[in-house]
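See below for the structure under consideration.
Residue indices begin at 1 and follow the sequence shown. These figures come from a predicted structure and were not determined experimentally.
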Amino acid sequence: MASKLLRAVVLGPPGSGKGTVCERIARSFGLQHLSSGQFLRESLGGGGGLAQQLQVPWMSLTPSPVCLHPRRFPTSHPNPRAGAGFPRTLGQAKALDGICELDLVISLHIPFETLKDRLSARWVHPASGRVYNMDFNPPHTQGVDDVTGEPLVQREEDRPEAVAARLRKYKDAAKPVMELYKSRGILHSFSGTETNKIWPYVYALLSSRIPPVLSDEEH
């Protein structure tokens, strides 16, 4: 179990594999894997504000998932899944400064064409937020969720005609955020077309900060 406190953000455009990276961080370093979208939905419906949840010593705030040190996150709290983005803009990044001081920022860089193909092949189960990719992570039965058997949908923003606009919007908004973290000397960028090729470098970086519970080979 990780004992050293670390505050980290994982950033990347839609479809860059942030969720997969955070799941691997959670398993490799003994952390719970939570995600912000479902958390926000449940928090707004049942009390316990987001700012209160963010005041924990170990976390990875991302445009979808959040990793928290399990000993710092009471089991009575909701178990969120994918959704909202934070921080995606300079204003959000500065707001985060008022909650905690980050130790490092992990930025994922994926080629435009790769992202476009990934997003256009993505379908979701609306109720849970489970995401499937018809190319490399398809459901067991085409068009339905593996767990519930309910129909999957393609979000409007994942339709091919909308993807290019999403990526341009992200790039414009993210640029000042990246520059902010680079100026602080905490930005670590990783480029590639596959999460499996990026992951060993992310693992090595985090291993230099906190002790893993699984080796890269075991993972």
Is [Y] reachable from [X] through a run of hydrophobic residues whose side-chain heavy atoms are each under 4.5 Å from the next?
| X | Y | answer |
| --- | --- | --- |
| V163 | M134 | no |
| F112 | F190 | yes |
| L205 | L108 | yes |
| I186 | L180 | yes |
| L102 | V177 | yes |

Does [X] reach the side chain of [Y], with side-chain heavy atoms less than 4.5 Å apart?
| X | Y | answer |
| --- | --- | --- |
| L119 | L167 | yes |
| H125 | T148 | yes |
| I106 | V9 | no |
| L115 | P14 | no |
| V144 | E150 | no |
| R159 | S120 | no |
| D158 | W123 | no |
| I25 | W199 | yes |

Inset, instruction - List the steps, then state whether side-chain contact (heavy atoms from CB on, under 4.5 Å) holds for V21 with Y203. - result: CA-CA 9 Å; V21 167; Y203 178 89; over 6 Å; no
Which heavy atom of [X] sits nearest to which heavy atom of [Y], and what is that distance?
| X | Y | answer |
| --- | --- | --- |
| P151 | P126 | O-CD, 4.0 Å |
| G192 | I198 | N-CD1, 3.8 Å |
| P139 | L152 | CG-CD1, 3.8 Å |
| Y181 | A93 | OH-CB, 3.5 Å |
| R27 | V213 | O-CG2, 3.4 Å |

Inset, instruction - Determine, step by step, whether M178 and L187 satisfy the side-chain contact (heavy atoms from CB on, under 4.5 Å) criterion, reporting the C-alpha distance in whole Å, the side-chain angles of both residues, the deciding distance to 0.1 Å, and the verdict. - result: CA-CA 7 Å; M178 301 295 183; L187 180 66; 4.1 Å; yes
What is the distance from atom [atom1] of [X] to atom [atom2] of [Y], rounded to the nearest 0.5 Å?
| X | Y | atom1 | atom2 | value |
| --- | --- | --- | --- | --- |
| T195 | R24 | OG1 | CZ | 6.5 Å |
| Y201 | H188 | OH | NE2 | 16.0 Å |
| I110 | K18 | CD1 | NZ | 9.5 Å |
| T193 | D117 | OG1 | CG | 11.5 Å |
| S208 | L206 | OG | CG | 7.5 Å |
| Y132 | R122 | OH | CZ | 14.0 Å |

Answer yes or no: is there an ion pair linking [X] with [Y], defined by an N-O contact shorter than 4.0 Å?
| X | Y | result |
| --- | --- | --- |
| R155 | E157 | yes |
| R209 | D103 | no |
| K182 | E179 | no |

Legend entry - Atom CD of E101: over 12 foreign heavy atoms under 6.0 Å: no
